[in-house]
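Heads up: the structure comes next, in structure tokens.
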Amino acid sequence: MSPLIPDTAPFNPQQRAWLSGFFAGVLGAGQGEGASGSTSTLAPVADEDDHPWHDAALPLGERLALAKGKPLASRLMAAMAQLDCGACGYLCQTYSAAIATGDERDLTRCSPGGNDTAQALRRLVAIEPPAAAKQQPVASSADASKYSRTQPFTAQIASTTRLTHIDAPKDTRHVAIDLLDSGLTYEPGDAIGICPVNCPDLVRGVLGVLGATGDEPVAVEGGSAKPLRDALSHDFTLARARPALLELLAKSASDPQEADQLRELAATEGGPLAGADVCEVLERFPSARPPIGDFVATLQRLQPRLYSISSSQRKHPGQVHATVGVVRFESAGRWRNGVASHFLGVRSSPGDSVRVFVQPSHRFRLPADPATPIIMVGPGTGIAPFISFLQERAATSATGQNWLIFGNQYFDLDFLYRESLDQWSATGLLTRLDVAFSRDTAEKVYVQQRMLEQGGQLWSWLAAGAYFYVCGDARRMAPDVDADLKQIAADHGSLSPDEATAYVARLAKEKRYLKDVY
Ligand code: NAP
């Protein structure tokens, strides 16, 4: 990489770095030697197509103001938390598009947006009901594939490999899926949508407490009737008992004491039973046995989960890989398994079926110019898309430099993909690899400490047009990394705090600072 300022210019190294960063970031040049030369020096930023409200740092009111006067799908999108976290089973844009077309009626799926988002969505659809919006063309990020979240492809598990040591507190798995003859294609940065199947023990438990055989036909949204066992396995969430179910049980309880308790629980969003699953609630109130059709009607639809893809199709034609952190947590006094992560990472074996679709990202992409350097910050499962990036860059012989900053708890227990990373360091594909293991030392060390230690280097990479990527935890890590990126700009670019903030904002608007956080 060579800096933007010629060697002959009369500046010391610090001034040179500052000026290069200034031109690269503030003026939008962003393209030193070895970087993409395709954009103009004063490239416009964030036009309408870019969804200017798609910035999680903006308050809800500002986001809504930016979308004022736009079609309903855009205004709905502005109400989302803008994290593209996939917790709702969509991306922010596709969730809002589905509400606007009337295909999705649940307005409470944006968990990071919480009540504020749900209320804003309710207000918006009250003003313009989705049926009216149905006439409007809605931008969709779905790909041209015939498979989608509503029509997933039935693929096959190829292999599941544990990435963490058996003694590690975390259980992280690498899952390879055969795409068979689907013709599904994806790009590095895309996500794979997985339609989970509920744990058979849980399904058996619910059938048992209901006294059902499982063959009873029940209605499923968007389809014809199917046997209760299939519907409970594939279509409905059993992991949480919603207030609607508690209300129904209260109405059908023959024991007045149970009915009172259920009414109280429904009014307090589950109260002490808030984390209990459907089976536990039915067991607890044996006098409450509503008709099966009514019971099923209160259950929430089981949504697909999105995982960042951790493979390049150039290296693994016919397959897609995911890095799955197996979720296990305690709630309402019992240990529980994450629905999708347990299905995919633990219960599935090679040859098993799994329904999948590709969720294109459009935003979290490698630079168009293969010579552009990239800096990737990905602790924990946040490393997933960077495995895809690195495989892609190796497969395409991209000449751009690659810097990965990875962190996890213990070097010996959860250094994910260590073998591949060592190999890529040896071959030179990885120009730099920095690691931070938080629990190996008395004082915690996080990825951003490595960034700060290498602040001068990081600044000069940015000055030479590098893209800066962050993937992983949205709540703690991503804001801390963001703050330290500004700190580096201030320290090494001699910028004031406001200028450093403007510099980082500009990087984001130029799509050189990209986040895939959840
Ligand atoms: P993680 O929890 O992000 O932990 C990875 C490393 O980051 C650990 O060493 C951790 O240290 C460290 N860390 C903690 N706070 C940090 C901070 N403020 N700045 C920088 N590093 C920090 O990794 P993971 O278990 O692989 O999970 C990744 C994240 O994805 C989780 O945080 C979780 O929120 C999210 N997640 C999402 C889903 C989903 O389906 N959407 C599923 C699973 C996980 P310590 O642990 O020692 O503090």
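Sequential numbering from 1 along the given sequence is applied to the chain's residues.
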Q.
Any side-chain to backbone donor/acceptor pair from T237 onto A239? Under 3.5 Å, distance only.
A. no
Q) Are any of the side-chain heavy atoms of Q448 and I405 separated by less than 4.5 Å? A) no
Q. Can you tell me how far CE of M376 sits from CZ of R432, rounded to the nearest 0.5 angstrom?
A. 12.5 Å
Q) So do I157 and L344 actually touch side chain to side chain, heavy atoms under 4.5 Å? A) yes
(Q) Just verifying a value: how many Å separate E510 CD and Y467 OH, rounded to the nearest 0.5 Å? (A) 8.5 Å
Q: Check salt bridge (Lys or Arg N to Asp or Glu O under 4.0 Å) between D473 and all other residues, then give those that pass, not counting sequence neighbours.
A: R476
Q) Any donor-acceptor pair under 3.5 Å linking the side chain of Q391 with the backbone of S312? A) yes
(Q) My understanding is that only one of F468, Y513, W459 makes a ring pair (Phe, Tyr, Trp, His ring centres under 6.0 Å) with Y503; could you say which? (A) W459
(Q) Please give me the minimum heavy-atom distance between L366 and Y469, naming the atom from each residue. (A) CA-OH, 3.4 Å
Q: Please list, chain by chain and in numerical order, all residues satisfying side chain to side chain donor-acceptor pair (under 3.5 Å) with H316, sequence neighbours excluded.
A: none
Q) Any side-chain heavy atom of L404 within less than 4.5 Å of one from Y417? A) no
Q) Taking side chain as C-beta onward, heavy atoms only, is Y446 less than 4.5 Å from S438? A) yes
Q: Rounded to the nearest 0.5 Å, what's the gap from CZ on R418 to CG on L416? Could you check?
A: 12.0 Å
Q: Output all residues satisfying salt bridge (Lys or Arg N to Asp or Glu O under 4.0 Å) with D178, sequence neighbours left out; order by chain, then residue number.
A: none
Q.
Minimum heavy-atom separation for R363 and K515, please, with both atom names.
A. NH2-O, 4.3 Å
(Q) Please give me the minimum heavy-atom distance between S311 and S388, naming the atom from each residue. (A) O-OG, 2.9 Å
Q: Not counting sequence neighbours, which residues clear side-chain contact (heavy atoms from CB on, under 4.5 Å) with R365? List them please.
A: E187, D190, S361
Name each donor-acceptor pair under 3.5 Å that joins a side chain in residues 76-83 to protein atoms two or more places apart or in another chain, with its distance.
from : atom 1 : to  : atom 2 : distance (Å)
Q82  : OE1    : H54 : ND1    : 2.5
Q82  : NE2    : M77 : O      : 2.5
Q82  : NE2    : A78 : O      : 3.4
Q82  : NE2    : M80 : O      : 2.8

**Q.** Residue list, salt bridge (Lys or Arg N to Asp or Glu O under 4.0 Å) with E392, at least two apart or on another chain
**A.** R314
Q. Would a distance-only check, ignoring hydrogens and angles, find a side-chain to backbone donor-acceptor pair under 3.5 Å from D516 to C471?
A. no
Q.
Measuring from atom CG of L107 to atom CG of L121, what distance do you get when rounded to the nearest 0.5 angstrom?
A. 5.5 Å
Q) Can you list every pair that meets salt bridge (charged side-chain N to carboxylate O under 4.0 Å, His left out) and has a residue in residues 450-465, with sequence neighbours left out? A) R450-E453
Q. Quick check: does any side chain N or O of Q313 sit under 3.5 Å from a backbone N or O of Y186, one acting as donor and the other as acceptor?
A. yes
Q | Heavy-atom side-chain proximity of V356 to L179 below 4.5 angstrom | A | yes
Q.
Rounded at 0.5 Å granularity, tell me how far CD1 in I383 sits from CG in L390.
A. 8.0 Å
Q. Can you list every side chain to side chain donor-acceptor pair (under 3.5 Å) pair that touches residues 343-354, not counting sequence neighbours?
A. none
(Q) If we ignore hydrogens and angles and just use 3.5 Å, is the side chain of R63 paired with the main-chain N or O of L58 as donor and acceptor? (A) yes
(Q) With a 4.5 Å cut-off on side-chain heavy atoms, are N402 and W424 touching? (A) no
Q: Could you name each residue pair satisfying salt bridge (charged side-chain N to carboxylate O under 4.0 Å, His left out) that touches residues 403-412, not counting sequence neighbours?
A: none
Q.
Working to the nearest 0.5 angstrom, can you tell me the gap between S159 OG and I177 CD1?
A. 9.5 Å
Q: Using the test salt bridge (Lys or Arg N to Asp or Glu O under 4.0 Å), find all partners of R336 that sit at least two apart in sequence or belong to another chain.
A: D277, E280
Q) Is a side-chain donor or acceptor of T323 paired with a backbone partner of A384 at a separation under 3.5 angstrom? A) no
Q.
Contact between L485 and L462 at the side-chain level, heavy atoms closer than 4.5 Å - yes or no?
A. yes
Q) Do R149 and Q303 touch side chain to side chain, with heavy atoms closer than 4.5 Å? A) yes
Q) Residues in ring pair (Phe, Tyr, Trp, His ring centres under 6.0 Å) with F437, at least two apart? A) F411, F415
Q: State whether the side chain of S341 and the backbone N or O of V327 hold a donor-acceptor pair below 3.5 Å, judged by distance alone.
A: yes
Q. Sequence neighbours excluded, which residues qualify as side chain to side chain donor-acceptor pair (under 3.5 Å) partners of Y410?
A. none
Q | Heavy-atom closest pair, residues L514 and F364 | A | O-CE1, 3.4 Å
